[in-house]
Amino acid sequence: MSRLTLTGPDDYDLARDVCSYGYFRLAPNDWDPGRETLTRPLHLVDGPATFTIAQPDGAGAPLKVRADRRISRAESADARRQIERMLRLHEDLAEFHAVDPRWKDSGRGRIFRSPTLFEDVIKTITSCNVTWKGTINMNRRLCEVIDPAFPRPAQLARRRPATLRARCGVGYRDIRLVELARLFREPALTARLEDESRSDDDIHRELLGLPGVGPYAAANILQLLGRFSRLAIDTEMIAHGREALGMTGTPRQIEKQLHAHYERFGDQKFRSYWIERWTHYESDEGPASGWA
DNA sequence: GGTAGACCTGGACGC
DNA sequence: GCGTCCAGGTCTACC
């Protein structure tokens, strides 16, 4: 068994910042509302290891991470990198809080994601054109059938689409998932999409060329890459426009109003929208960290 | 450039 | 228990 300590910013709150996006409820992530810990396996050089992340001394205190087996120095560095990606531990919120001061005092602004871009892409595809329960089922079954630590590109690429459909319940997404996995088997694709020197427009254009990725998915993957300049408009966002912002009209008319409304937040517009929407959820249902 | 219809699963509903 | 309808985002064909 090995232990790590991760130090984040003073306003880092594990319970709040992990439970800030629906992916914290998707396999193989396992949030324990009672203990306020996140447990999940990660792929490392010598095989998978399961990590439990806690913040025993409360918000702002260091994160204590425990692995279920002894890990090497190289594996420790890799695990640290993956966990920091998930938690967005070193993301600078100054620009966000400058354009949207509503969240400055609380320090809100981090949106949970996956340890790898590939997992974020697959989770996005499995959230399209399906109810949330369907998304939960697909991710659970991908982990049960292919890999408990979440399928890697090479593992998914060699599966037959019919197998994914029958055993993982992914429906018509089967071929698209296999095609995506084949593309992501080449590390250059991830490197290109994570290249910070490229513009948002450039990345967005490349994302739209990927199988199964349309306007919503492209914008969502962009935010998962740390680029918040585009709104990922789905039916939930249209509902948010109606219910929280008082917009009226057809979905297309509301979409235009949403673009106009969030324009003031510039390159941070998705993050402004998301924190606002998530706060509405929590005002109705209580803190997400307590959701069953 | 805009739009209709198909794609698949699971839940709601009526019988 | 069975059949029908509907929601969800992307893709293709067509105008």
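Remember, predicted model here, so these are calculated numbers, not experimental data. A, B, ... follow the sequence lines: proteins, then strands. Residue 1 opens every chain.
Taking the six-membered ring where the residue is Trp, A:Phe270 and A:Phe228 present parallel rings, their angle staying beneath 30° rather than reaching 60°.
Taken to the nearest 0.5 Å, the OH atom of A:Tyr23 stands 3.0 Å off from the OG1 atom of A:Thr124. Within the model, atoms CG of A:Leu26 and CD1 of A:Ile122 stand 12.5 Å from one another, a figure rounded to the nearest 0.5 Å.
Residue contacts shown for A:Thr235 are limited to sugar-phosphate atoms, with no base heavy atom under 4.0 Å away. Across all strands shown, A:Gly169 has heavy atoms under 4.0 Å from sugar-phosphate atoms exclusively, and none from any base. Contact annotation for A:Val170: no contact, since no heavy-atom pair falls under 4.0 Å across all strands. Here A:Ile175 lies out of heavy-atom contact (under 4.0 Å) with every strand. Counting any heavy atom pair closer than 4.0 Å across all strands shown, A:Asp174 reaches no nucleic acid atom.
The nearest whole Å value for the distance from the CZ atom in A:Arg176 to the P atom in B:dC8 is 10 Å. Atom CG in A:Asn129 sits roughly 11 Å away from atom P in B:dC8 (whole-Å rounding). For the pair A:Leu164 CG and B:dT9 C1', the computed distance is 15 Å after rounding to whole Å. For the pair A:Ile125 CD1 and B:dC7 C1', the interatomic distance rounds to 14 Å; values are reported in whole Å.
Heavy-atom neighbours of A:Arg35 CZ from other residues, nucleotides or ligands within 6.0 Å: at or below the threshold of 12. Dense packing is recorded around CZ of A:Arg102, with more than 12 heavy atoms of other residues, nucleotides or ligands lying under 6.0 Å away.
Close approach of DNA chain C to chain A, defined as any atom under 4.0 Å from a non-hydrogen atom of the protein, starts and stops at C:dG8 to C:dC11.
Dashed line: the shortest gap from a side-chain N or O of A:Lys133 to OP1 or OP2 of B:dG11 is under 4.0 Å. Of the side-chain N and O atoms in A:Arg173, none sit less than 4.0 angstrom from OP1 or OP2 of B:dC8.
Using modelled atom types, one side-chain atom of A:Gln55 and one backbone atom of A:Ala61 make a donor-acceptor pair closer than 3.5 Å.
Among A:Arg69, A:Arg80, A:Arg70, the one residue that satisfies the side chain to side chain donor-acceptor pair (under 3.5 Å) test with A:Glu75 is A:Arg69.
Toward the 5' end of DNA chain B, the nearer of the two residues A:Arg252 and A:Gly171, judged by each one's closest nucleotide, is A:Arg252.
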